[in-house]
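Here the structure comes first, spelled out in structure tokens, and everything after it is commentary.
To find a chain, count down the sequence lines: A is the first, B the second, and so on, and within it residues start at 1. The shown structure was predicted, so the numbers you read here are calculated from the model rather than taken from an experiment.
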Amino acid sequence: MRGLCVNTCTDSAPIAAARSIAVSIPPEEETCAPICTAAYATRMAVRVRIAPSPTGLLHIGTARTALFNWLFARHEGGEFRLRIENTDTSREVAEAVDQIQDSLRWLGLDWDGPHTFQLDRMEDCRQVAERLLADGKAYEDEGAIRFRMPDEGVTAWDDIVRGRIEYPNEKLEDVVIVRSDGRPTYNFASPMEDVWDGITHVIRGDDHIPNTPKQLNIIRAVGAEIPVYAHVPMIFGMDGNKLSKRHGAQAVEEFRTAGYLPETMLNFLALLGWAPDGETTLMSRDELVERFSLERVSPSPSQFDYQKLDWMNGVYLRALPSAEFAHRLLLWLGENGFDWDAERVTRAAPLVQEKIARLDEFPGFAGFFFRDVDPSEADLDGGAPMLTAAEEALIALEPFDAPAIEAALRAAADRLELKPRQAFQPIRVAVTGSKVSPGLFESIELLGRETTLSRLRVAGSSAA
RNA sequence: GGCGCAUUCGUCUAGUGGCCUAGGACACCGCCCUCUCACGGCGGCGGCACGGGUUCGAAUCCCGUAUGCGCCUCCA
């Protein structure tokens, strides 16, 4: 029994319509006039938000929550807003706001309207707190202001992803809504902003479930309309613990640096806790928007599988038109401090497109096109005769292209009575400096006769 | 400790009482292709946490147990 429209999820209307189903059954007196008279009454469409705190880079879990919000908004034709929750000034990091926006933009999660800061509503929050105080719904406590929670009954709501959740009111403690220094706390500012911004659906991590009954009561106390809640599961590392440094990348920026494509991240993240059916795994941004629904979000947490991410990124990399692949490669190299010849990168790109899963593999895999190599003697072991033969075969070869190079080298191998793999491996090591490389003949063509011959010669003498 | 949430192959998941001999994908293993790697093709391994119910019939409904996680800040 989860979701608001079980069995009726064939279209999206019920989601947007099913609002204000949160219930509270406290034996309290009738509330007086609404304190908040924001113009949300006329809102029809869906409006959601992502509310990161500016304490550092955008975490992948926050990005996933942002994605669900964005997908929902775009699917419903509604709005997606960005709100920075910076009430805790002590933990704020100066560049974080810009970094968060960069990450969001890189992922293509565009937000509507300007981003807002929680701190800018400090004064509004204080006024509401004063009003609450005057109405006896809050009280002072050592300089701070606490909100009076109901003592009896239960506070409950129908969560779109987990069904009905109930909290006995006696368990709810009176939360501090304004600190002694006058700044509002998260549990006060956040729901108030949701009210002022006309947020219709609060889609957030399930670590906020225990906060929800408190926020619900605050919203009720100010006489505002309750939004619909959807608590999405968290993401853990492969060991079942919170995603942390030792698992690898955890911030969106780090995945970008590792050479993942934004379309990969979107697709992969969407599938963490959501699936359109049992078969589909590859979906474009548009398809994601078209098929996404909160009803199909799973309530159980998932683990972040880096291997699957790599596989998926490889799929996206290979699917790129080759010119686009080269373009992305160039962009990535530029962002990561590789000042390599663009024309040569563009020519090398097709040789690696099918072979790498992440852009950051390029320097290691194709670096021999751009810098000298230093093959180890052990890898060259016993290859001297073939190296000499290769040199002779290529020295006057015309044309110097992959098909001709392959023919010449195969002929040389035949003369030495070597199997292809035995013959070509020393050449590969000599020319690329590694036992693993892009296609040998294409690589030699791109490298050019001069460089190839000189590398063959150097390796030939050290292997002898 | 209290409260809450969760529990299908190693991982992501499909599944809403009979279509399930539990389907797909990643990973893994084997074979094929092959100049290495990768791609691709074929095949394989592997799961309903446990115990009680309800029912002609349960992965699906109910109860309990276990385990994991989250929150209990004048953090967000």
### Whole-angstrom distance between B/G46 and B/C39, as gauged at atom C1'
26 Å
### Message
Which nucleotide wins on minimum distance to the side chain of A/A144, given the candidates B/C12, B/G4, B/C74?
### Response
B/C74
### Query
From B/U7, B/A76, B/C35, pick the nucleotide closest to the side chain of A/P299?
B/U7
### Query
Does A/S437 make a side-chain donor-acceptor contact with the base of B/C37, cut-off 3.5 Å?
no
### Task
Pick base, sugar-phosphate or nothing for A/F441, based on heavy-atom distances below 4.0 Å to the nucleic acid.
base
### Query
For B/A76, does either OP1 or OP2 sit under 4.0 Å from a side-chain N or O belonging to A/T87?
yes
### Message
Side-chain N or O of A/R428 versus OP1/OP2 of B/U36: is the shortest distance under 4.0 Å?
### Response
no
#### Entry: Under 3.5 Å on both distances, the Watson-Crick or G-U partner of B/C5
B/G68
### Query
Whole-Å distance between B/C39 C1' and A/I356 CD1?
13 Å
### Query
What distance, rounded to whole Å, do you find between the two C1' atoms, one in B/G1 and one in B/C12?
35 Å
#### Entry: Side chain A/K171 and base B/C3 donor-acceptor under 3.5 Å
no
### Query
Taking any strand in view, what nucleotide pairs with B/U73 in a Watson-Crick or G-U wobble way, both distances under 3.5 Å?
none
### Query
Would you say the base of B/U13 and the side-chain of A/K308 have a donor-acceptor pair closer than 3.5 Å?
no
### Task
Select from A/W274 and A/K435 the residue whose nearest nucleotide in RNA chain B is closer to the 5' end of that strand.
A/W274
### Message
Can you check the distance between B/C19 and B/U60, where both ends of the measurement are the P atom (answer in whole Å)?
### Response
13 Å
### Query
So what's B/C56 paired with, Watson-Crick or G-U wobble, going by both distances under 3.5 Å?
B/G18
### Summary
Which of B/A76, B/G70, B/G4 is nearest the side chain of A/T185? It is B/A76
### Query
Of the candidate nucleotides B/C26, B/C12, B/G4, which contains the atom at the shortest distance from the side chain of A/W311?
B/C26
### Query
Taking for each residue the nucleotide of RNA chain B bearing the nearest heavy atom, is the 5' side occupied by A/D207 or by A/R183?
A/D207
### Task
Compute whether any side-chain donor of one residue and acceptor of the other, for A/Q118 and A/T87, lie under 3.5 angstrom apart.
yes
### Query
Would you find a donor on one side and an acceptor on the other, under 3.5 Å apart, between the side chain of A/D379 and the backbone of A/S434?
no
### Query
Contact class for A/L440 (heavy atom, under 4.0 Å): base, sugar-phosphate, or nothing?
base
### Query
Among the nucleotides B/C69, B/C35, B/U73, which one has an atom lying closest to any side-chain atom of A/E173?
B/U73
### Query
Would A/L67 and A/W70 satisfy side-chain contact (heavy atoms from CB on, under 4.5 Å), going step by step from the backbone distance to the final call?
CA-CA 5 Å; A/L67 174 61; A/W70 181 84; 4.3 Å; yes
### Message
What's A/R421 touching, base or sugar-phosphate or nothing? Going by heavy atoms closer than 4.0 Å.
### Response
sugar-phosphate
### Query
Is the distance between the ring centroids of A/F441 and A/F424 less than 6.0 Å?
yes
### Query
Which of these nucleotides, B/C74, B/C26, B/A76, is closest to any side-chain atom of A/S53?
B/A76
### Task
Determine the interatomic distance between C1' on B/U7 and the same-named atom on B/G40; round to the nearest Å.
37 Å
### Same-atom distance (C1') from B/G52 to B/A58, integer angstrom
14 Å
### Message
At 4.0 Å (heavy atoms only), tell me whether A/G314 reaches a base, stays on the sugar-phosphate, or touches nothing.
### Response
nothing
### Query
With sugar-phosphate meaning primed atoms plus P, OP1 and OP2, does A/I165 contact a base, only sugar-phosphate, or nothing at under 4.0 Å between heavy atoms?
sugar-phosphate
### Message
Using a 4.0 Å heavy-atom cut-off, does A/N211 contact any base of the nucleic acid, only the sugar-phosphate backbone, or nothing at all?
### Response
base
### Task
Can you check whether any acceptor in the base of B/A6 is under 3.5 Å from a donor in the side chain of A/D206, or vice versa?
no
### Query
Looking for any heavy atom pair under 4.0 Å, which part of the strands does A/H208 touch: base, sugar-phosphate only, or nothing?
base
### Task
Indicate whether OP1 or OP2 belonging to B/C75 is found under 4.0 Å from a side-chain N or O atom of A/R179.
yes
### Query
Using a cut-off of 4.0 Å on non-hydrogen atoms, how would the nucleic acid contact of A/N86 be classed: base, sugar-phosphate, or nothing?
nothing
### Message
Going by purine N1 to pyrimidine N3 plus the second Watson-Crick contact, or the G-U wobble pair, all under 3.5 Å, which nucleotide sits opposite B/C28?
### Response
B/G44
## Note on the structure
A/D305 has its side chain closest, among B/C26, B/A25, B/A76, to B/C26
### Query
For A/E142, which contact category applies under a 4.0 Å heavy-atom criterion: base, sugar-phosphate, or nothing?
base
### Aromatic ring pairing A/F304/A/Y306, orientation class (parallel under 30°, perpendicular over 60°, tilted between)
tilted
### Task
Ignoring hydrogens and angles, tell me if any N or O in the side chain of A/Q425 forms a donor-acceptor pair with the backbone of A/R421 under 3.5 Å.
no
### Task
Report the nucleotide, chosen from B/C35, B/C26, B/G4, that has the shortest atom-to-atom distance to any side-chain atom of A/P420.
B/C35
### Message
Looking only at the side chain of A/S302 (C-beta and beyond, no hydrogens), which of the listed nucleotides B/C26, B/C74, B/C12 gets closest?
### Response
B/C12
### Query
So, A/Y139 versus A/F147, ring centres under 6.0 angstrom or not?
no
#### Entry: Partner nucleotide, any strand, of B/C39 [Watson-Crick/G-U, under 3.5 Å]
none
### Query
Of the candidate nucleotides B/C69, B/C12, B/A38, which contains the atom at the shortest distance from the side chain of A/E354?
B/A38
### Message
Looking at A/R318 and B/C39, is any side-chain donor or acceptor paired with a base atom of the opposite kind under 3.5 Å?
### Response
no
### Task
Walk me through it: do A/L282 and A/M312 pass the test side-chain contact (heavy atoms from CB on, under 4.5 Å)?
CA-CA 8 Å; A/L282 265 15; A/M312 190 177 284; 4.1 Å; yes
### Query
Expressed as a whole number of Å, how far does the C1' atom of B/U16 sit from that of B/A22?
15 Å
